[in-house]
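See structure below.
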Protein chains: 2
Amino acid sequence: MDRQTKQRRIETYRRRCREGGLPLTEQRMAVLEAMLDLDDHPTADRVHDVVARRDSRVSRATVYRALESLARIGVITKACHPGKAVRYDSRTETHHHLVCLRCDAIIDVTDDRLDALPVPDTSSYGFVVSDLRVQLRGVCRRCRELEETS
Amino acid sequence: MDRQTKQRRIETYRRRCREGGLPLTEQRMAVLEAMLDLDDHPTADRVHDVVARRDSRVSRATVYRALESLARIGVITKACHPGKAVRYDSRTETHHHLVCLRCDAIIDVTDDRLDALPVPDTSSYGFVVSDLRVQLRGVCRRCRELEETS
DNA sequence: CGTGCGACTGAGACTTTGTCTCAGGGGTTC
DNA sequence: GAACCCCTGAGACAAAGTCTCAGTCGCACG
Ligand SMILES: [Zn+2]
Ligand SMILES: [Zn+2]
Ligand SMILES: [Zn+2]
Ligand SMILES: [Zn+2]
């Protein structure tokens with residue numbers, strides 16, 4: 001992610017904190033910066049590794065709490081995955097995911113037709129939809145290559 | 001799920017076991033029956049509760065293993081969810097999900113337009129797609145009602 | 001700048017979720 | 001029925017996430 005985009009995202013975060021009356025702490029800023037630097041879809045523990053490498057005093061609980069609060073105010077999102085750990089996503093605009101069923105990689109994909117997909121009417125379920133995501137499950141390039149050579 | 005459908009699903013399971021050379025045990029049959037009776041999208045522990053109520057000697061590890069093996073041979077599927085526990089799905093045909101971000105409910109939804117969605121070309125990513133799922137995130141009826149009254 | 005409130009933090013205990021080990025049991029085939 | 005091999009139960013273990021609580025720090029206010 002380029003420097004300018006990163007700066008803009010951090011400004012958004014500052015603004016949302018002010019609006020929500022949330023104190024803006026050094027630790028949460030470090031977590032957000034780590035998320036913006038990592039542009040894959042890391043687990044909380046992986047984010048903690050990165051943050052701790054820069055400042056070893058940031059605790060695991062704080063990283064977990066910070067990621068939840070960042071997701072709650074919409075500065076980051078949670079990605080879905082049929083595995084065990086929650087995956088966080090620094091991209092907040094609508095996009096879709098390739099999910100590798102072998103290695104658990106999550107790869108961003110943009111496709112005009114997917115983006116143009118209208119949200120269906122779910123009022124009969126009493127359900128209010130805020131977000132539509134398409135998930136393409138399959139096998140990534142690296143996993144296929146590994147399989148062929150074996 | 002009606003009796004006839006359930007019987008057909010169990011027959012499919014028997015056949016896949018024979019084809020795959022897997023012994024068909026009482027415990028795995030109990031896990032499959034529990035999945036077919038629960039038509040929400042239960043966690044492994046919830047399936048274990050149901051199975052254990054019928055036969056308290058079935059161990060937790062067996063239920064976890066059985067669910068994985070049922071998913072591997074395609075008799076059930078795994079649903080994606082931005083939460084911590086894996087959710088299993090007794091429906092194997094393509095369908096889509098409403099996911100409540102408040103209570104973690106997963107509700108099946110069928111929509112012709114979603115079903116007709118073509119799988120986009122992902123060859124530039126080197127990715128082979130086996131399955132396309134749409135996820136509609138939002139808030140379910142019950143959670144909205146709870147919120148209004150509070 | 002100093003003060004005070006309230007939310008945040010660190011450390012680690014605890015809970016939940018999932019996996020592994022290994023001796024013993026049971027399905028399948030012949 | 002016998003042999004083979006996978007499956008199972010019980011519990012230890014591991015991984016992922018939450019909670020508690022005393023102490024700290026951001027920030028609004030004066
Ligand atoms: Zn892969
Ligand atoms: Zn993404
Ligand atoms: Zn709900
Ligand atoms: Zn479903």
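In what follows, chains are A, B, ... by sequence order, proteins preceding strands, each numbered from 1.
Residues satisfying the side-chain hydrogen bond (donor to acceptor under 3.5 Å, both in side chains) criterion with A:S59, sequence neighbours excluded, are A:T62. With sequence neighbours excluded, no residue forms a salt bridge (charged side-chain N to carboxylate O under 4.0 Å, His left out) with B:D121. Shown here are the salt bridge (charged side-chain N to carboxylate O under 4.0 Å, His left out) partners of B:K84, two or more places apart in sequence or in another chain: there are none. Scored by the side-chain hydrogen bond (donor to acceptor under 3.5 Å, both in side chains) test, B:R133 finds B:D131 as partners (sequence neighbours excluded). Not counting sequence neighbours, A:R141 has no partner by the side-chain hydrogen bond (donor to acceptor under 3.5 Å, both in side chains) test. For B:L22, the side chain to side chain contact (heavy atoms under 4.5 Å, CB included) partners are B:C17, B:I73, not counting sequence neighbours. With sequence neighbours excluded, the residues satisfying side chain to side chain contact (heavy atoms under 4.5 Å, CB included) with B:D49 are B:R53.
B:D37 has a carboxylate O that lies under 4.0 Å from a charged side-chain N of B:K6, or vice versa, which qualifies the two as a salt bridge.
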For a side chain to side chain contact (heavy atoms under 4.5 Å, CB included) check, start with the C-alpha distance between B:H41 and B:H81, then their side-chain angles and the critical distance, and finish with the verdict.
CA-CA 10 Å; B:H41 299 79; B:H81 189 270; over 6 Å; no

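Counting to the nearest Å, the C1' atom of C:dC8 and the CZ atom of A:R72 are 12 Å from each other. Rounded to whole Å, the distance from NE2 on B:H48 to C1' on D:dG11 is 13 Å. In this structure, B:R57 places its CZ atom 19 Å from C1' of D:dG11, rounding to the nearest Å. For the pair B:D49 CG and C:dT16 P, the interatomic distance rounds to 12 Å; values are reported in whole Å. Following rounding to the nearest Å, A:I73 (CD1) and C:dC8 (P) show an atom-to-atom distance of 10 Å.
Side-chain heavy-atom separations under 4.5 angstrom define the hydrophobic clusters, and the remaining members of the one that includes A:V129 are A:L98, A:I107, A:V109, A:L114, A:L117, A:V119, A:Y125, A:F127, A:L132, A:V134, A:L136, B:L98, B:I107, B:V109, B:L114, B:L117, B:V119, B:Y125, B:F127, B:V129, B:L132, B:V134, B:L136.
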Going 5' to 3' through nucleotides 14-23 of chain D and flagging B where a protein heavy-atom sits under 4.0 Å of the base, S where only the sugar-phosphate is that close, and - otherwise, we get -SBBBBB---

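Rounded to 10°, the helix from C:dC1-D:dG30 to C:dC30-D:dG1 has 50° between the axis fitted to its first five pairs and the one fitted to its last five.
Other residues, nucleotides and ligands contribute only 12 or fewer heavy atoms inside 6.0 Å of the CZ atom of A:R102. Within a 6.0 Å radius of CD in B:E19, other residues, nucleotides and ligands contribute more than 12 heavy atoms.
A pairwise comparison of heavy atoms in B:R9 and B:S90 identifies NH2-O, 2.6 Å as the closest pair.
Applying a 4.0 Å cut-off to non-hydrogen atoms, the residues of residues 21-31 of chain A that approach DNA chain C are A:L22, A:P23, A:T25, A:Q27, A:R28, listed by residue number.
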Each nucleotide N or O in nucleotides 1-4 of chain C that has a protein N or O under 3.5 Å away: list the pair and distance.
none

